[in-house]
Amino acid sequence: MTLRRADCEALDRADPLRPVRERFALPPGVIYLDGNSLGAMPKAAHERVNAALGQWSGDLISGWNIHGWIDLHERVGAKIGRLIGAEAGETIAGDSTSINLFKLLAAALQLNPKRRVVLSERDNFPTDLYIAEGLIRHLGQGHELRLAAPDEIADEITDDVAVVMLTHVNYRTGRMYDMAALTAAAQARGALTLWDLAHSAGAVPVDLAAANADFALGCGYKFLNGGPGAPAFLYAARRHHAAMQPVLTGWFGHAAPFAFEPSWRPADGIVKLAVGTPPILGLAALEAGVDLMLEASMAELRCKSLKQAEVFAALMAQEVGGFGFQSASPDDPAMRGSQLCFQHENGWPIMRALISRNVIGDFRSPGILRFGFTPLYLGFTELWDAVATLRDIMAAKSWDRPEHHARARVT
Ligand SMILES: *Cc1c(COP(=O)(O)O)cnc(C)c1O
């Protein structure tokens with residue numbers, strides 16, 4: 001059946017999430033298919049950040065007490081926890097995804113001291129692998145980073161594996177692991193699990209408690225719409241709190257930071273994984289994004305995201321089927337996050353040409369065009385218009401202009 005633009009307009013009219021778009025500040029005429037990389041700005045972020053600036057100018061250092069800045073990272077972390085099925089007191093916001101990975105991997109290795117292998121996916125997001133390499137080198141205890149293909153992970157959980165460290169939804173292909181099944185498999189063989197939720201939090205239903213996950217972390221600026229460089233978050237299951245020993249023992253993880261004792265003592269619970277002064281302006285913006293996400297139901301978001309992927313894939317086949325795009329995402333929607341990607345030998349100039357026409361996706365080496373679906377603010381008619389623009393670019397070969405071949409630093 002041919003999909004017409006009118007069909008997409010009808011889907012928009014029937015979309016219960018349609019009004020939420022008005023809560024975002026988006027530039028007119030832009031079709032934004034990159035909210036998986038940097039989420040759009042909630043209008044409330046303006047107000048929240050302005051309010052925090054006013055607190056700073058008006059109350060100076062007193063703001064830490066009177067505006068509750070001192071535990072804002074715990075409060076925002078707790079809200080994120082509700083989005084990912086964590087229990088109260090198991091999550092905290094702050095630091096970057098990379099730093100949180102370092103902290104949690106170190107804690108996990110220390111909790112499983114007889115084993116020496118960190119098992120991960122070869123195509124994991126590079127920073128995750130780099131951080132693991134650096135930590136292993138630093139520990140100097142003969143740990144090994146073992147990399148496998150997604151289908152091989154379960155079989156590679158041998159009895160020397162200390163931690164299975166995976167990104168739940170692959171940043172490139174969108175392939176999603178069965179978190180509960182792999183966690184159970186790992187635990188049955190004596191390994192701990194560490195899940196990176198960078199492309200999951202706010203994108204797909206996540207239930208850390210139901211999956212019995214050990215550790216997790218994720219990103220604030222992708223589907224949570226926390227703004228560029230937003231604080232990240234981390235999770236540790238309560239059963240590990242007493243035994244885990246932070247490697248970055250900063251004063252915000254101390255039992256009594258303002259006692260200024262000469263030696264470190266752990267705070268209770270998840271707070272022991274905090275390190276330094278929380279970034280209040282960044283947390284203010286992140287809280288706006290998280291609050292907006294909490295208003296929607298994750299089931300409703302997932303339902304729209306799956307429909308958007310289905311429509312987009314159908315339009316790609318219908319409109320640009322003859323132009324050499326190969327789907328590089330799993331066919332089964334249950335095994336995908338909230339994005340689709342396509343391989344094309346001219347992926348880079350094609351994406352540049354699309355962006356020059358206000359259709360913003362992104363490019364991931366080698367040759368992958370990536371399109372993210374953010375149901376809070378993306379409409380179905382925009383999907384139609386995006387693919388129609390791609391069809392124009394392919395038919396006219398306008399992607400082949402020299403300006404589209406130049407490489408940028410950020411892709
Ligand atoms: C986006 C992303 C990161 C980003 O890490 P930063 O520390 O925020 O730069 C890390 N890991 C994965 C899997 C990601 O998708």
Side-chain angles (χ1 to χ4, degrees), residues 33-40 73 76-77 80 83-84 92-106 108 118-135 145 147-148 150 153 163-177 179 182 193-204 206 208 213 215-235 248 273 275-276 278-279 282-283 285-286 289-290 328-329 336-341 361-365 368 370-374 409-411:
L33 297 164
D34 210 4
N36 51 313
S37 217
L38 175 62
H73 55 319
V76 175
I80 295 171
L83 291 171
I84 53 176
I92 194 162
D95 298 316
S96 65
T97 306
S98 303
I99 302 282
N100 285 333
L101 185 81
F102 184 89
K103 295 193 290 186
L104 290 179
L105 183 58
V118 177
L119 175 63
S120 193
E121 179 188 334
R122 195 167 292 118
D123 284 331
N124 199 347
F125 192 88
T127 200
D128 296 44
L129 302 180
Y130 302 162
I131 290 282
E133 283 179 341
L135 176 63
L145 177 60
L147 301 178
I153 296 286
V163 183
V164 179
M165 177 188 92
L166 293 172
T167 297
H168 181 221
V169 173
N170 182 281
Y171 74 106
R172 232 183 333 226
T173 61
R175 181 189 162 123
M176 180 163 66
Y177 285 106
M179 183 188 286
L182 268 177
T193 53
L194 171 46
W195 292 100
D196 187 330
L197 306 178
H199 290 277
S200 312
V204 295
V206 175
L208 292 171
F215 299 99
L217 71 155
C219 206
Y221 52 78
K222 291 174 179 165
F223 289 90
L224 298 182
N225 305 312
F233 64 89
L234 63 76
Y235 155 93
L248 297 178
L273 290 175
V275 182
L283 286 168
L286 174 60
V290 172
S329 299
R336 278 200 312 250
S338 197
Q339 66 200 60
L340 283 179
C341 71
D362 65 18
F363 173 80
R364 284 294 173 261
S365 201
I368 296 266
R370 188 172 68 156
F371 302 98
F373 307 110
T374 46
R409 275 185 72 194
V410 177
T411 61

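Atoms within each ligand, like the ligands themselves, are counted from 1 in listed order.
With hydrogens and angles ignored, the 3.5 Å screen pairs no side-chain donor or acceptor of T193 with any backbone N or O of A213. Using a distance-only test at 3.5 Å, with no hydrogens or angles considered, a donor-acceptor pair links the side chain of R370 to the main chain of Y171. Panel note: side chain T167, backbone N170; no donor-acceptor pair is recorded below 3.5 Å.
In this structure, E121 CD and R175 CZ are separated by 7.5 Å, a value rounded to the nearest 0.5 Å.
When the options I153, L119, D128 are evaluated for a side chain to side chain contact (heavy atoms under 4.5 Å, CB included) with L166, the one that passes is I153.
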I'd like a table of the close N/O pairs between ligand 1 and the protein (anything under 3.5 Å), one pair per line with both atom names and the distance.
{"unit_1": "ligand 1", "atom_1": "7 (O)", "unit_2": "T97", "atom_2": "N", "d": "3.4"}
{"unit_1": "ligand 1", "atom_1": "7 (O)", "unit_2": "S98", "atom_2": "N", "d": "2.9"}
{"unit_1": "ligand 1", "atom_1": "7 (O)", "unit_2": "S98", "atom_2": "OG", "d": "2.6"}
{"unit_1": "ligand 1", "atom_1": "8 (O)", "unit_2": "Y221", "atom_2": "OH", "d": "2.7"}
{"unit_1": "ligand 1", "atom_1": "11 (N)", "unit_2": "D128", "atom_2": "OD1", "d": "2.8"}
{"unit_1": "ligand 1", "atom_1": "11 (N)", "unit_2": "D196", "atom_2": "OD2", "d": "3.1"}
{"unit_1": "ligand 1", "atom_1": "15 (O)", "unit_2": "H199", "atom_2": "NE2", "d": "3.0"}
{"unit_1": "ligand 1", "atom_1": "15 (O)", "unit_2": "K222", "atom_2": "NZ", "d": "2.6"}

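Checking T127 against S98 by side-chain atom types alone, a donor-acceptor pair falls below 3.5 Å.
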